[in-house]
Amino acid sequence: MVSSKRGKAKKAMEAHVLAERVCQGDLSAFQGLVDQFKKKVYFLAYDVVGDHHEAEDVSQEVFIKVYRSLGSFRRDAKMSSWIYQITVNSAIDLLRKRKAKPSVTLENFDHIELQDAPRGAATAAVDPESSAEAALLQGRIEEALHVLTPRERAVFAMRHYNDFQISEIADVLEVSSGTVKSLLFRALQKLRRKLAFYRGSGSWEVNDE
Amino acid sequence: MNECQRCRQVFADALYGSLDDSRRRSFEAHLGQCDICREEYAGLRATLQDMKKRERTEPDPAFWEGYWERLGSRMHREKILYQPRPSGPRRPSFDWLRFRMPRWAFQAGAAVLLVAVGIFIGRMWLLPPSAGVQTAVHTRGATAPSSLELASRTQNYVERSQLVLMAIVNFDRETDDPYTLDLPYKQQLSRELVQEAGWLKQGLADARQRRLQELVADLEAVLLQIANLETPGDMFAIELVQTGVQSRGLFLKMHLAEVNRPWDDLGTRTETPPKTDKTKIF
């Protein structure tokens, strides 16, 4: 626990040093900054927008915004929170722009699943029946996530798929912990109703662990 | 409030492990007695477990290896990498040369700038005397505005206010994110406009432009509300502003002002220069 805190503090320090160097025109420092955050930014974006290609687009936009605004970044602020805030806002913007586009449905899920993963993401060949079941389960979960508003989805993804603590989410979104909890709770209620609908229709049974 | 309602209020805390000991004990005691709450809570926990079964496909290592290259080329394409690389063993920095302007571009820019400064000086100092426009009949010493200045500043005030109010009124708190509203900027603009309003109201009162004066005052009241909003996410305050704009019929008034252009009368009311004089200067 203590070592993890120390590790975080060290990384934060490194990020600030890199930012300082970027402001002096050092592009390799910017590359270092990108390397430090690219995975977290990318996966956070992916969990909110639900598409690998769009997630890469969002993550690139995030780093471009970071590069442009580093000069005005307050040195006493937490850089990771700032970067994740840009990520969440960019991803939410994209979801809103995409409103008109049809959401993922079971009819097109298989097609998307095959095309979606970038450049050869591993999909192990296993027993076709269990693989179909797993695909169905994943499809239901993705579809359930679509009932959430962009903000609820972002908060849920941060907490459950990216290991953010509630206080960290509150920092990133600049809201109180109570607001984060109520967003999470509202999201959970919606998800429950959606999953109950699948169970009710008998088309999906999830075995609780 | 009955026990069940109290119990449901702490569901979120219980699910996310932030119940203190005493609250946990009473929560668990209630769940032990109440089937409905127990079922509800178990359902939420099960949903959480189901949602944790989500798997995401990991991009392969080549994706990460090429990440910087793709980002870099996008930044080049979008001309974002304008800064020179101070040092670096990899290759000579041509970024700076690539985006360096040719000399003629600077010369053209300087010429445009000179013309702009000339026009600005002309408008500021040459136009009033040559056009014969003096301060309005109701001048109050040296600070009283000229009619033309009052007209142009009033028009400018109304147009800028309209922009701020449009953004606030069109903001949908159900679907829009408060951060996209860029409230700090709108507040800054509102503060500037509120400062401007005092001067305008005085000038318009002197010029006996009662309606314009009222419009400026109405706008000032709403802009003051915007300038004093405390937090970007204060939905209630934003809703109050939206209601204020609607109840005062501000958009209708601004629209009427746009159509009738009362500031034009203001500019021509006293010793107005013939239009031909104005066109000669520009």
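Here is the naming used below: chain letters follow the sequence lines, and residue numbers restart at 1 for every chain.
- When each of Phe63(A), Phe185(A), Phe156(A), Phe43(A) is checked for heavy-atom pairs under 4.5 Å with chain B, Phe43(A) comes out on top.
- With a threshold of 4.5 angstrom between heavy atoms, Arg54(B) approaches chain A through its backbone and through its side chain.
- Both the backbone and the side chain of Leu71(B) come within less than 4.5 Å of a heavy atom in chain A.
- At a 4.5 Å heavy-atom cutoff, the contact between Ile166(A) and chain B is made by side-chain atoms alone.
- Taking Lys39(A), Gln189(A), Lys181(A) one by one and counting their heavy-atom pairs under 4.5 Å with chain B, the maximum is reached by Lys39(A).
- Geometrically, Lys40(A) engages Phe164(A) in a cation-pi contact, judged by NZ or CZ lying under 6.0 Å from the ring centre and within 45° of the ring axis.
- A cation-pi arrangement is not found for Arg56(B) relative to Tyr161(A), the charged atom failing to lie both closer than 6.0 Å to the ring centre and inside a 45° cone about the ring normal.
- For the pair Arg70(B) and Phe63(B), the cation-pi criterion (under 6.0 Å, within 45° of the ring axis) is fulfilled.
- In summary, the aromatic rings of His53(A) and Tyr46(A) are positioned with their centroids too far apart to meet the 6.0 Å limit.
- Note: Gln242(B) CD to Gln225(B) CD = 11.0 Å, rounded to the nearest 0.5 Å.
- Interface check for chain B: of the options Ser177(A), Ser59(A), Gly178(A), the most heavy-atom pairs under 4.5 Å are formed by Ser59(A).
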